Amino acid sequence: MTARPELPKTYDPAEVEPRLYEAWLKARVFHEDPDPARPPFIISMPPPNITGRAHLGHASTYTTMDLVTRYHRMLGENADWIPGQDHAAIATESVLVRELAKEGRTRNELGREKFIEIAWAWREQYGGEINEAFRRLGFGPDWDRERFTLDPALSAAVIKVFVDLYDDGLIYRGTRLVYWDPKAQSTLSDAEVEDEERDTFLWHLRYRGEDGGDGLVIATTRPETYLADVAVAVHPGDERYRHLIGTNVVLPIVDRAIPVIADDAVLTEFGTGAVKVTPAHDQTDYEIGQRHGLPMPTVIDFDARIAAPLWRYDETPERRAPIDAQAPKMAPYAGLDRFDARKRIVADLRALGALVEERPYHTQLPVSSRSGEVIEPLLSLQWFVRMKPLAKPALAAYRGGAPHFVPERFGRTYAAGLENIRDWNISRQIWWGHQLPVWYTPNDDVIVAHDEDEAKRIARERFGIDDVRRDPDTLDTWFSSGLWPFSILGWPEKTPELDHWYPNQVMITSRDIIFLWVSRMVMLGQRFAGAMPFRTVFVTPLVFDVHGRKMSKSLGNAIDPMDDLVPRYGADGTRFGILRQMRLESQELRFDERYCDEAKRFATKLWNALRYTCALPEEIPGANVLPPREKLTVADKWILTELRACVEAVTRAYDRFELGVAADTLLQFGWYTFCDWYVEATKAPGQHATRAAVLSFVLNAFVRAMHPIAPFVTEEIWQTLPHDGATIVTASWPDVAEIPSFPDEAAVFRSVIEKVEQLRNARSEWAIQPKDWMRVEIPAALQSERDVVEAIATLARAEIATYDGGDGSVRDRILAVRGVADTAKLRERYAREEKRLEAEVARSEKKLANESFVAKASPDVVAAERAKLDEYRRELARVRTALDALPA
RNA sequence: GGGCGGCUAGCUCAGUGGGAGAGCGCUACAUUGACACUGUAGAGGUCAGAAGUUCAAUCCUUCUGCCGCCCA
């Protein structure tokens, strides 16, 4: 005897979800060990920053990973999802510095050792917060395998990679243009630089000719850097300036002569078509400077103040002389902040008549995403990775189809990034992170070693001294995350995990870090782990607000999944609602909370279908036990056929990452097909014998198909029904071979639905109250179809009478069913129906009368059109008969 | 400047070379063997515009317009 618990009337996610999650943790259902007997499946969780809070982007990307892992586990694969966190070098350090500032302390007065100690304590206290959010969202990574980028093992991997790259000549130290954050006092990675729109001016300055001529007018947004100009560049094809190329112009105030040069990088439409060239403070200018062998004096120092005299690297005395000579004349600006200097210089140039025009200008400025400070590009002695030799094999692999991108077009973004790759600045002037494995002798000889002992040994061997000091800089955070897919499996040790689970099957991430992160994992994975780190890269859409705007606190449109969604809709509702909106080809997701609300109501709907099933007087025979086929009714056969189609569609959708389609399919089947039609149909007396078994069977398979998206409600339903196994998490994926399909009976029931809809419509037209039974006449020949007659009577709430007639197939006879009401409304209704059908017949006839259509369209299409026309004609005939039969 | 995505009902979005769809919202009715976090019915759209290809275009091609993203 099946237990029949009293089930609460509404489903309460707040009660169910934490309880089930605890049970899963206790049973360690998410943990896997390498098992060669099963196909490996693994996802490396992109490590969230320890400073991070769970936001909607996480909810969408990480739900996807959870879904895919759960799905593959149910398919019987050795599926694992390894979680972890990123130490988030600059992000964390700036949070800590801010915290210290609140107490009136600074990093430097604490000293490195103490600061690192505080950082670890902070990590212990707050670093796990995001994991709490992930658990609340139902994510099931293998918590026993959690990794942190600063773990000893991962740090050892970082050191090894650094040393190997250095030994191979791929890491070098040099002076290059870098992104400098004057507030954080460190270089930044591309990822930490954002463009911000600002209102400023475009200043037009006249540089007179050295020969006393008018010279030319340049346009600039950064007049203060003109002190370090070394040339004026024009486009070689620009007729306006051709005569000046090769001549010199003179910088106002400081009276230094610089050449006019031609370079293709100059845009003729921008400003006046002539631009100042300041190689030490602008990327484009730096490249022009390199091409033309120009000197590169620096005018803004690390504090973003004007440096006077200018300072520079690697210059010969001849090239330095004229630049040094201007020092006395720029003394008034020395030490001024760059923006104060700008005002002062603009004023002075104006007084001198060198300022031709000041035009309001809207532009984008590079801003540090950490400190909010405007970035100062400047020349600095830093460590770099030579990227072109690493990118080459990655590009070759891409041309060979690896990795495979979904959607495909993101592969082109990735490849374009690799083609235009520049050397990677990896040194940061902060303390929280992997300190460079670099030591210097007192003579500044460079030693790269795995540890200090080795460094000393090398120093003795090579230089005869063992007095070494370590480079204080740390590595860019992306250096360690670039090793993630193999470092978390134990590399460089040859572990069973690495052997079994590398390469990963799929990397799931969002498109803003395709180049920053994905490409680096590929390059480093190829070189160090001996293979592409993953076969497929699935790129999830970026999340925007419902009107397509970026979510931000300042706009007030940010939605916090933990505060705003989970409490209201449950984790299931949140996950289902988000996934429902994911479309493969779409690159943005305009998040609409209504989908979460709908998903929550869907959970309640399913819950009530369960309550109905459990409250039936009939017994459920057992888990996945169907009545013998000869006992199944037309409705039973139809719902089983639909279930099978649903599982097939969902399987296909999961396999192709069409997650929105999967969610749509589940909702459609669960709510409309199953609850609205099948559950209603089981109320007919003829259904009683089979319904408990069929309802239970369908629900059991259905919740398994839905489990990867909404893990909790599906577990709760599955547990309540008869089931095999301990938890749905480790249950098997529904096997379509075990779901019988009956195409003919399914078609018959679809006709029943169509007829019932017509009858309900008629009921509404005739103003028959829902509580009243309506009269329906069926052709006498339909009487033998007891299932069908009962289904119509139940679903349309109708009293059945018969009339003579009813030829043809069962479906024909169903179509001849007619509602009975002796009112003028009925006549109107039929007249309208007649008109609609006449129009359809006319359209179809016209089409078939078109000789080109019949001759050129494919035979299938023509045949289908003929069949449609026949159908319309038959229906029209029935309507006309009905109309004629009505009393005048 | 280069590349990419989008424009379908009031809102958010599916969809298809051959009869325009869903949810929400709106209107009306209803407490029927689970469910008002419900059910039933209904109103609402020259599928951004133009040209082309085709027997046939909301769908393919080109151009235009507008919105957005990425790279420079």
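Because the structure is a prediction, the values reported are computed rather than measured. First the proteins, then the strands, lettered A, B, ... as listed; each starts at 1.
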Does [X] get its side chain close enough to the base of [N], under 3.5 Å, for a donor-acceptor pair?
| X | N | result |
| --- | --- | --- |
| A/R511 | B/rC69 | no |
| A/R594 | B/rC24 | yes |
| A/K605 | B/rA36 | no |
| A/E680 | B/rA34 | yes |

Rounding to a whole Å, what distance do you find between [X]:[atom1] and [N]:[atom2]?
| X | N | atom1 | atom2 | answer |
| --- | --- | --- | --- | --- |
| A/E588 | B/rU12 | CD | C1' | 12 Å |
| A/I768 | B/rC29 | CD1 | P | 17 Å |
| A/Y11 | B/rU38 | OH | C1' | 19 Å |
| A/R412 | B/rG3 | CZ | P | 12 Å |
| A/Y672 | B/rU40 | OH | C1' | 13 Å |
| A/L610 | B/rC35 | CG | C1' | 12 Å |
| A/R409 | B/rG6 | CZ | P | 7 Å |
| A/K856 | B/rA56 | NZ | C1' | 11 Å |

Would you say a side-chain N or O of [X] is under 4.0 Å from OP1 or OP2 of [N]?
| X | N | result |
| --- | --- | --- |
| A/R763 | B/rC29 | no |
| A/R601 | B/rU38 | yes |
| A/R580 | B/rG23 | no |
| A/N761 | B/rG42 | yes |
| A/W671 | B/rA34 | no |

Note: [X]-[Y] ion pair, threshold 4.0 Å (strictly below):
| X | Y | result |
| --- | --- | --- |
| A/R590 | A/D545 | no |
| A/E376 | A/R222 | yes |
| A/E598 | A/R580 | yes |
| A/K868 | A/E865 | yes |
| A/D870 | A/R866 | no |
| A/R873 | A/E845 | yes |

Nearest-Å distance once atom [atom1] is located in both [N] and [M]:
| N | M | atom1 | result |
| --- | --- | --- | --- |
| B/rG42 | B/rC70 | P | 45 Å |
| B/rU40 | B/rU32 | P | 15 Å |
| B/rA14 | B/rU38 | C1' | 25 Å |
| B/rC59 | B/rG52 | P | 14 Å |
| B/rA9 | B/rG45 | C1' | 5 Å |
| B/rG1 | B/rU54 | P | 35 Å |

Which nucleotide in [options] has an atom nearest any side-chain atom of [X]:
| X | options | answer |
| --- | --- | --- |
| A/K600 | B/rC35, B/rC37, B/rA72 | B/rC37 |
| A/T604 | B/rA41, B/rC37, B/rA36 | B/rC37 |
| A/F544 | B/rU12, B/rA34, B/rC69 | B/rC69 |
| A/A609 | B/rG5, B/rG18, B/rA34 | B/rA34 |
| A/N850 | B/rU40, B/rC55, B/rU12 | B/rC55 |
| A/R422 | B/rA72, B/rC35, B/rG33 | B/rA72 |
| A/R797 | B/rA41, B/rU12, B/rU32 | B/rU32 |
| A/A857 | B/rC55, B/rG39, B/rC37 | B/rC55 |
| A/D664 | B/rC35, B/rA14, B/rG18 | B/rA14 |
| A/P617 | B/rU12, B/rG33, B/rA14 | B/rG33 |

May I ask you to say what [X] touches in the nucleic acid, namely base, sugar-phosphate or nothing, with a heavy-atom cut-off under 4.0 Å?
| X | result |
| --- | --- |
| A/T10 | base |
| A/V679 | base |
| A/D592 | sugar-phosphate |
| A/V546 | sugar-phosphate |
| A/N420 | nothing |
| A/K9 | sugar-phosphate |
| A/Y595 | base |
| A/R568 | nothing |

Item to check | Whether A/F405 and A/Y398 hold their rings parallel, tilted or perpendicular, with breakpoints at 30° and 60° | outcome: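 A/F405 vs A/Y398 ring planes: perpendicular.
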Considering every strand shown, what is the Watson-Crick or G-U wobble mate of [N] when both distances are under 3.5 Å?
| N | value |
| --- | --- |
| B/rC55 | B/rG18 |
| B/rC7 | B/rG65 |
| B/rG1 | B/rC71 |
| B/rC26 | B/rG42 |
| B/rC35 | none |

Next on the checklist: Let me spell it out: for each of A/V854 and A/E287, pick the nucleotide of RNA chain B with the closest heavy atom. Which residue's pick is nearer the 5' end?
Outcome noted: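 Taking each residue's closest nucleotide, the earlier one in sequence belongs to A/V854.
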Checklist entry - Would you say the side-chain atoms of A/Q581 pair up with the backbone N or O of A/D592, donor to acceptor, closer than 3.5 Å? => result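 Yes; at least one donor-acceptor contact below 3.5 Å.
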Checklist entry - Does the side chain of A/T633 pick up a donor-acceptor pair with the side chain of A/D787 at under 3.5 Å? => result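 Distance-only check fails for A/T633 and A/D787.
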Checklist entry - Does one side chain, of A/T540 or A/S510, offer a donor that lies under 3.5 Å from an acceptor on the other? => result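 Result is no, nothing qualifies.
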